[in-house]
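Structure first, then comments.
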Amino acid sequence: MKIQSVVKKKKQYLGTTFEANSQIPAILIGQIGKNFYNDYNLLITGEDIFDLPLHQVIEVNRVIGGRIVYLECENNDKLKSFYTERGFDLYTDDDNNPIFTNTGLIIFMKAMKNLKIDNSINRKRKHAIQAKK
């Protein structure tokens with residue numbers, strides 16, 4: 001990931017003293033989504049879907065390393081809330097404005113050292129499958 005204008009706070013977050021326009025080791029999470037057709041969204045929660053790639057990120061990090069995990073998403077309040085609630089921070093410039101990718105997406109990131117997953121087998125689902133009659 002290429003670091004743009006980085007303030008001291010971000011340097012602490014990233015655990016680095018790299019200067020602007022430097023490259024740091026990072027793992028990108030690709031597209032994640034739910035299928036709302038025919039109530040398929042009731043089969044699994046967004047949290048459960050999001051845990052799947054996080055498990056893979058942890059495994060990849062053990063093999064190749066990296067300082068952060070990041071993802072790109074649309075500038076949408078629901079998505080921003082979803083990722084923020086999971087401990088990801090919006091990547092911003094020095095004036096706290098979101099930094100957009102060249103495709104118009106915003107970036108959320110989290111330090112690898114802060115990446116944790118709820119492995120509880122008994123995690124309660126927010127949605128239940130409803131039998132159709």
Side-chain angles (χ1 to χ4, degrees):
M1 176 176 198
K2 189 172 185 176
I3 298 177
Q4 295 185 9
S5 179
V6 179
V7 293
K8 184 176 182 179
K9 179 181 169 187
K10 284 195 186 102
K11 286 182 182 180
Q12 285 179 319
Y13 174 84
L14 297 173
T16 180
T17 57
F18 295 142
E19 296 301 320
N21 295 319
S22 296
Q23 299 279 340
I24 61 167
I27 298 172
L28 170 65
I29 295 177
Q31 289 186 330
I32 302 172
K34 286 181 75 170
N35 184 348
F36 288 87
Y37 179 74
N38 280 344
D39 292 331
Y40 289 144
N41 60 309
L42 300 177
L43 299 175
I44 189 168
T45 66
E47 186 172 303
D48 289 335
I49 291 172
F50 195 57
D51 279 355
L52 296 172
L54 291 182
H55 284 285
Q56 295 302 313
V57 165
I58 288 171
E59 289 303 313
V60 168
N61 189 55
R62 285 185 187 142
V63 175
I64 65 171
R67 291 189 186 250
I68 63 170
V69 57
Y70 73 104
L71 57 92
E72 301 168 345
C73 69
E74 295 176 0
N75 191 9
N76 168 305
D77 289 340
K78 193 171 182 178
L79 290 173
K80 291 193 288 191
S81 176
F82 180 84
Y83 294 124
T84 301
E85 289 171 5
R86 279 139 192 88
F88 280 72
D89 295 313
L90 181 62
Y91 188 43
T92 60
D93 62 17
D94 292 346
D95 296 323
N96 217 25
N97 298 311
I99 294 176
F100 289 87
T101 66
N102 58 358
T103 57
L105 301 174
I106 57 175
I107 301 168
F108 277 89
M109 61 185 189
K110 188 172 190 173
M112 288 299 300
K113 65 183 179 183
N114 298 328
L115 188 60
K116 294 181 179 45
I117 298 173
D118 178 5
N119 287 318
S120 171
I121 295 173
N122 297 319
R123 179 175 22 183
K124 294 181 180 176
R125 295 201 182 270
K126 297 176 186 173
H127 301 283
I129 301 172
Q130 309 240 339
K132 293 185 178 182
K133 294 183 179 182

| query | Leu52 and Leu71: same hydrophobic cluster, using ILVMFWY side-chain contacts below 4.5 Å? | reply | no
| For Phe108, the option from Tyr91, Tyr70, Phe88 that meets side-chain contact (heavy atoms from CB on, under 4.5 Å) | Phe88
| field | Pairwise distance NZ(Lys80) to CD(Glu85) - rounded to 0.5 angstrom | value | 13.5 Å
Which heavy atom of [X] sits nearest to which heavy atom of [Y], and what is that distance?
| X | Y | answer |
| --- | --- | --- |
| Lys110 | Arg86 | NZ-O, 2.9 Å |
| Leu115 | Leu54 | CD1-CD2, 3.8 Å |
| Gly65 | Ile27 | O-CD1, 4.2 Å |
| Ile68 | Ala111 | CG2-CA, 4.2 Å |
| Phe100 | Asn75 | CZ-ND2, 3.6 Å |
| Leu90 | Pro98 | CD2-CG, 3.9 Å |

Name all residues meeting the side chain to side chain contact (heavy atoms under 4.5 Å, CB included) criterion together with [X]; count only those two or more places apart in sequence or in a different chain, and write none if there are none.
| X | value |
| --- | --- |
| Thr103 | Thr101, Leu105 |
| Leu79 | Cys73, Glu74, Asn76, Tyr83 |
| Asp95 | Asp93, Asn97 |

| field | Partners meeting ring-ring contact (aromatic ring centres under 6.0 Å, His included) with Phe82 (sequence neighbours left out) | value | Phe50
| request: Taking the side chain as every heavy atom from C-beta outward, state whether Met109 and Val69 have any atom pair closer than 4.5 Å. | output: no
| request: Taking the side chain as every heavy atom from C-beta outward, state whether Gln56 and Ile29 have any atom pair closer than 4.5 Å. | output: no
| For residues 99-108, which residue pairs qualify under salt bridge (charged side-chain N to carboxylate O under 4.0 Å, His left out), counting only residues two or more places apart or in two chains? | none
